[in-house]
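For reference, the structure is listed below as structure tokens.
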2 protein chains.
Amino acid sequence: MSDPDTETGYVLDRQVGFLLRRATQRHLAIFSSHIDDLTPTQFTALAQLCVLGRASQNALGRATAMDGATIKGVMDRLRRRGLVSAAPDEDDQRRLLLVPTEAGRALLARRLPAARATTEETLAPLDAAERALLLDLLARLG
Amino acid sequence: MSDPDTETGYVLDRQVGFLLRRATQRHLAIFSSHIDDLTPTQFTALAQLCVLGRASQNALGRATAMDGATIKGVMDRLRRRGLVSAAPDEDDQRRLLLVPTEAGRALLARRLPAARATTEETLAPLDAAERALLLDLLARLG
DNA sequence: GCGGTTTTGTTTGTATACAAACGGATGTTG
DNA sequence: CAACATCCGTTTGTATACAAACAAAACCGC
């Protein structure tokens with residue numbers, strides 16, 4: 001009767017959207033406590049570009065789930081810092097061919113241990129089976 | 001050997017942070033397909049304010065996991081649309097006392113079914129047991 | 001009751017995110 | 001090959017998010 005959800009039936013702590021936002025916030029805070037010279041988004045984009053070797057801007061955006069406007073801003077900042085280089089694609093005049101620089105690859109390599117520590121700390125409340133389960137459930141949502 | 005993670009050991013699709021971002025993106029897209037006159041953040045803030053009845057700006061921010069700068073912007077927009085009213089707190093001159101207007105409560109009531117549909121559609125890939133499990137695991141992360 | 005600390009709201013600056021619109025290049029199809 | 005559609009990168013506008021700094025108000029220890 002004195003339940004706060006009597007009127008609306010809306011209990012915040014049970015909403016998927018809210019729980020996702022909270023978990024993301026905590027993960028972001030942990031990330032920046034381990035890595036202070038790259039944002040999670042920048043790290044993801046740089047890491048994926050290193051895996052791919054080279055990619056057009058939009059293709060990298062698709063690979064990292066960022067739209068055109070977002071990936072442009074991210075790459076602009078990485079390029080300004082000399083971590084990524086860009087050149088027009090010979091075969092397709094529309095495309096901007098992106099390649100990680102040596103500095104970019106080196107920085108990624110130096111930060112990989114901290115990235116793994118970030119994941120570890122984020123998942124610390126869960127045991128191994130629960131971690132696998134969570135990743136599986138999240139993957140099926142996305 | 002031809003595994004793309006040979007160099008970095010970094011497989012994007014297994015990173016919690018990436019999966020959280022993807023799931024959040026999908027949830028956001030579903031939300032806006034059901035509700036086009038409130039953002040998820042605005043909905044959360046309005047709903048929580050309706051549950052609380054009244055709250056100071058920072059207190060509402062804490063209740064909805066938004067920092068001071070964020071909750072200010074959200075409330076400014078809700079106030080501009082007449083969904084929330086604000087007045088100085090008599091007992092504490094620092095505080096801004098927020099209260100949902102009738103229009104705010106009415107809009108929330110009209111949008112609650114769509115909000116439930118959003119949750120339902122987001123969790124559609126999972127059965128009942130898996131949904132409960134996911135919410136539990138996410139709650140323990142946050 | 002007074003001085004140091006905290007709280008509250010605000011502002012500024014940076015960084016995602018996404019929608020919408022655009023011009024240029026490429027692809028497709030009849 | 002010409003009309004049409006699609007893709008690419010860019011720009012603009014809006015909306016979270018968070019850090020850092022600030023002034024005013026309230027609190028708290030001694």
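Proteins get letters first, then strands, A, B, ... in listed order; numbering begins at 1 in each.
When atom types are taken as modelled, the side chain of A:Arg21 and the backbone of B:Thr64 share a donor-acceptor pair closer than 3.5 angstrom. Between the side chain of B:Glu130 and the backbone N or O of B:Asp127, at least one donor-acceptor pair lies under 3.5 Å.
Between the P atom of D:dC18 and the CD1 atom of B:Ile71 lies a distance of 12 Å, rounded to the nearest Å. One can place CG of B:Asp67 at 16 Å from P of D:dA21, the figure rounded to the nearest angstrom. Rounded to an integer number of Å, the gap from CG of A:Leu28 to C1' of C:dT14 is 13 Å. Here D:dC18 presents its C1' atom at 16 Å from CD1 of A:Ile30, a figure rounded to the nearest Å. Following rounding to the nearest Å, B:Arg26 (CZ) and C:dC18 (P) show an atom-to-atom distance of 14 Å. Following rounding to the nearest Å, B:Asn58 (CG) and D:dC18 (P) show an atom-to-atom distance of 14 Å. If you measure from atom CG of A:Leu38 to atom P of C:dA15, you get 11 Å, rounded to the nearest angstrom. Counting to the nearest Å, the C1' atom of C:dT26 and the CG atom of A:Asp89 are 12 Å from each other.
An OP1 or OP2 oxygen of D:dT16 is reached within less than 4.0 angstrom by a side-chain nitrogen or oxygen of B:Arg77. Distances shown here put a side-chain N or O of A:Gln42 below 4.0 Å from the OP1 or OP2 atom of C:dT16. Contact check, A:Arg62 against D:dC8: a side-chain N or O comes under 4.0 Å of OP1 or OP2. Put simply, B:Arg95 has a side-chain N or O that comes within less than 4.0 Å of OP1 or OP2 on C:dT8. Between A:Gln57 and D:dT10 there is a side-chain polar atom (N or O) within less than 4.0 angstrom of OP1 or OP2. Remark: B:Ser32 is not in phosphate contact with C:dC18, judged by side-chain N or O atoms under 4.0 Å from OP1 or OP2. At C:dA17, one or more side-chain N or O atoms of B:Arg21 fall inside 4.0 Å of OP1 or OP2 (strictly under the cut-off).
Under 4.0 Å is where a charged nitrogen must lie from a carboxylate oxygen, and between A:Glu121 and A:Arg26 no such pair does. A salt bridge links B:Asp37 with B:Arg111: at least one charged nitrogen is closer than 4.0 Å to a carboxylate oxygen.
Residue B:Leu141 comes nearest to A:Leu134 through the heavy atom pair CD1-CD2, 3.6 Å, listed as atom of the first residue, atom of the second, then distance.
Within the 4.0 angstrom heavy-atom criterion, base atoms lie near A:Thr70. Using a 4.0 Å heavy-atom cutoff across all strands shown, B:Asp92 reaches sugar-phosphate atoms only and no base atom.
Of the candidates C:dT16, C:dA19, C:dT11, the closest approach to any side-chain atom of B:Ala69 belongs to C:dT11. Distance from the side chain of A:Ser56 is smallest for D:dG9 among the nucleotides C:dA15, C:dT12, D:dG9. Minimum atom distance to the side chain of A:Thr41 is reached by C:dT16, of the listed D:dC18, D:dT10, C:dT16.
Where A:Ala29 and B:Pro40 each meet DNA chain D at their nearest nucleotide, the meeting point lying more 5' is that of B:Pro40.
Summarising the geometry, atom CG belonging to B:Leu60 is positioned 13.5 Å from atom NZ belonging to B:Lys72; distances are rounded to the nearest 0.5 Å.
For B:Arg94 against C:dT7, a side-chain-to-base donor-acceptor contact under 3.5 Å is present.
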